[in-house]
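Reading through the structure tokens given below for one structure.
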Amino acid sequence: MAPNVYALVDCNNFYVSCERVFRPELVGVPVVVLSNNDGCLISRSDEAKALGLRMGEPYFKARPFLEQHRVRVFSSNYPLYGDLSRRVNLVLGQFSPEVEPYSIDESFVRLAAPVQHRPDYQALALAIRAAVLQQVGIPVCVGVAPTKTLAKLANRRARHVSGGVLILDSPESQAMALAATAVRDVWGIGRRQAPKLLAADIGTAAELAAATEGWVRRNLGGVVGVRLWRELRGEPCLSWHPRPEADDEAEGRRHSVTYTRSFGQPQRGQPVLCEAVATFAARAAEKLRRHELAAHLVTVLLGTDRFAATTEGATRTAVIYLPQATQDTSTLLAAARRGLAQLYQPGAAYVRAGVLLSGLEPPGQPQLDLFTPIEPARLQEQQQLMRTLDSLNHRFGRDAVRYAATGTRAAAWAGRNGFRSPAYTTSWEELWQVK
DNA sequence: TCTGGGGTCCTAGGACCC
DNA sequence: TCTGGGGTCCTAGGACCC
């Protein structure tokens, strides 16, 4: 049987490219997009990279430099990026039924096992690139190889190749690419492992691939390292999960749903924190219902400033167990409030909070709690209310209808996002206008 | 004044059971 | 007086990813 071939399609400077789709005047000039809360730089155009701006640089430090060089700055606009990401995947679906979105800006495409003698992957990769650019307006790079890890490696190198595609379908081309790739740039080798490998005289991906399996098992995180090592040698070991949220099989189901945010200003008062946590719980609950799941565990997180010199800086958590898994906002809200009450310490200055829902299962699973079973009629009522709430908010905009506990819109704890572009494609109020 | 957020996978270790 | 070993389940924490 012919082996599979994987293409990794990666959108170039994705968030910046999204902003450029609707503002052609941004093409050719330095542009950056900031993280939530306008905290740091998370996407840079090539021009911004050329100015020496680094990924993850705090915005407040870079600001004078950005102004001096007239860099265009945007707050992140996730509804817009998420929608364009979806459109990119639709285009990829024209080339293969097997598309696995890996992150908002990257997808793996499994290409049909080649029937003919030597398929022209180069031409195919170029066609993918042209189609995404033409139909969505986003430039991408494409790496093609027999394993996911090699496809990632090919993609990385494709960025510096004219045409933006690189095919590693022969042992010779793979050997060359491995020799030219620093080991710290291999997918799965992070900040911790890279120095360890260097100390063992392993500086390139080729040198890692040439190590013995026993050495890798002992020194590179056991089974995880061995899997990575095999993938580099062309043996596929990573599994394939097409359309992760579409199917309801236990296999591909997610394990948690989180909503955490930093505050615009440190917060000390319990009522304000209560509103923030209630808001985050309501958001997490929406996400839970979107994925058609219910949660048994509600974890509340409360964090103090980890950069402050005077305090410890720590995130503390409280876990509330719900005997019956639920996707009902008011039940989750009440649990979150109990968690907050356990955590809250008067006087502490909190800079971030969050809600994590876990112990997930499909809603309406058989009841295990024998003592306080919720009545089926009441359960149905709850579910109907949530469906109504979600559809109203979908139709009339986020927060058209919401819980009083979540407080006012102009909340004291709200984060900054001073430079946000309109949600051109997902919000009726902000639709792109042609004049 | 100002440093993001949301995930996954794996392992170690404790509690408990037989 | 002696005090095993295997299994399961759970949690905390590490490492990594974009």
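Chain letters run A, B, ... following the sequence lines, proteins first, then strands; residues in each count from 1.
- Between A:Phe280 and A:Tyr259, the ring center distance clears the sub-6.0 Å criterion.
- Rounded to an integer number of Å, the gap from CD1 of A:Ile104 to P of C:dC18 is 14 Å.
- One can place OH of A:Tyr78 at 15 Å from P of C:dC18, the figure rounded to the nearest angstrom.
- Using modelled atom types and a 3.5 Å distance limit, the side chains of A:Thr149 and A:Arg230 yield no donor-acceptor pair.
- OP1 or OP2 of B:dG7 sits under 4.0 Å from a side-chain N or O of A:Thr258.
- Below 30°, between 30° and 60°, or above 60°: for A:Tyr15 and A:Tyr81 the angle between ring planes is below 30°, a parallel geometry.
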Point to revise | Intra- and interstrand pairs of DNA chain C - dot-bracket, Watson-Crick/G-U under 3.5 Å, | marks other strand | key: ....||||||||||||||
Point to revise | From CA spacing to verdict: salt bridge (Lys or Arg N to Asp or Glu O under 4.0 Å), A:Arg63, A:Glu67 | key: CA-CA 6 Å; A:Arg63 192 169 170 179; A:Glu67 285 171 358; 3.3 Å; yes
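- Judged by distance alone, the side chains of A:Asn13 and A:Ser43 never bring a donor and an acceptor atom under 3.5 Å apart.
- A:Asp328 and A:Thr326 are not linked by any side-chain donor-acceptor pair at a separation below 3.5 angstrom, with hydrogens and angles left out of the test.
- Nucleic acid contact for A:Val319: none, since no nucleic acid atom lies under 4.0 Å from a heavy atom of the residue.
- Summarising the geometry, the separation between CD on A:Glu57 and C1' on B:dC2 is reported as 14 Å, rounded to the nearest angstrom.
- One C1' atom belongs to B:dC2, the other to C:dC18, and the distance between them is 24 Å to the nearest Å.
- Regarding A:Lys196, its NZ atom lies at a distance of 8 Å from the P atom of C:dA15, rounded to whole Å.
- A residue-by-residue look at A:Lys287 and A:Pro266 shows that A:Pro266 has its nearest nucleotide of DNA chain B further toward the 5' end.
- Atom CZ of A:Phe74 and atom P of B:dG4 are 21 Å apart (whole Å).
- Side-chain proximity of A:Arg192 to B:dT3, B:dG4, C:dC16: nearest is C:dC16.
- Counting non-hydrogen atoms under 4.0 angstrom, A:Gln193 reaches the backbone sugars and phosphates but no base.
- In this structure, a donor-acceptor pair under 3.5 Å is absent between the side chains of A:Glu98 and A:Ser96.
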Review point. What do the steps show when you test A:Arg86 against A:Asp83 for salt bridge (Lys or Arg N to Asp or Glu O under 4.0 Å), and what is the final call?
Key: CA-CA 5 Å; A:Arg86 187 182 58 82; A:Asp83 187 53; 2.8 Å; yes
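- For the pair A:Ser262 and B:dT3, the criterion of a side-chain N or O lying under 4.0 Å from OP1 or OP2 is not met.
- A:Tyr59 comes within contact range of no nucleotide atom at all, as no heavy-atom separation falls under 4.0 Å.
- Whole-Å rounding puts the A:Ile42 CD1 to C:dC18 C1' distance at 10 Å.
- Of the candidate nucleotides C:dC18, C:dC16, B:dG5, B:dG5 has the atom nearest to the side chain of A:Thr260.
- The side chain of A:Ser256 places an N or O atom within less than 4.0 Å of a non-bridging phosphate oxygen (OP1 or OP2) of B:dT8.
- With distances taken from any side-chain atom of A:Arg261 to the nucleotides B:dT3, C:dC17, B:dG6, the minimum falls on B:dG6.
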In a table with atom names and distances, give each donor-acceptor pair under 3.5 Å that connects a side chain of residues 187-203 of chain A to protein atoms at least two apart or in another chain.
unit_1: A:Gln193; atom_1: OE1; unit_2: A:Lys196; atom_2: NZ; d: 3.4
unit_1: A:Lys196; atom_1: NZ; unit_2: A:Asn219; atom_2: O; d: 3.4

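- Residue-environment remark: CZ (A:Arg420) exceeds the threshold of 12 foreign heavy atoms within 6.0 Å.
- Phosphate proximity of C:dC17 to A:Lys152: absent, as no side-chain N or O sits under 4.0 Å from OP1 or OP2.
- Listed pair A:Lys148 / C:dC17 fails the phosphate criterion, with no side-chain N or O lying under 4.0 Å from OP1 or OP2.
- Against DNA chain B, the stretch residues 202-228 of chain A makes heavy-atom approaches under 4.0 Å through A:Val223, A:Val224, A:Arg227.
- What separates CD of A:Glu231 from P of C:dC17 is a distance of 14 Å, to the nearest Å.
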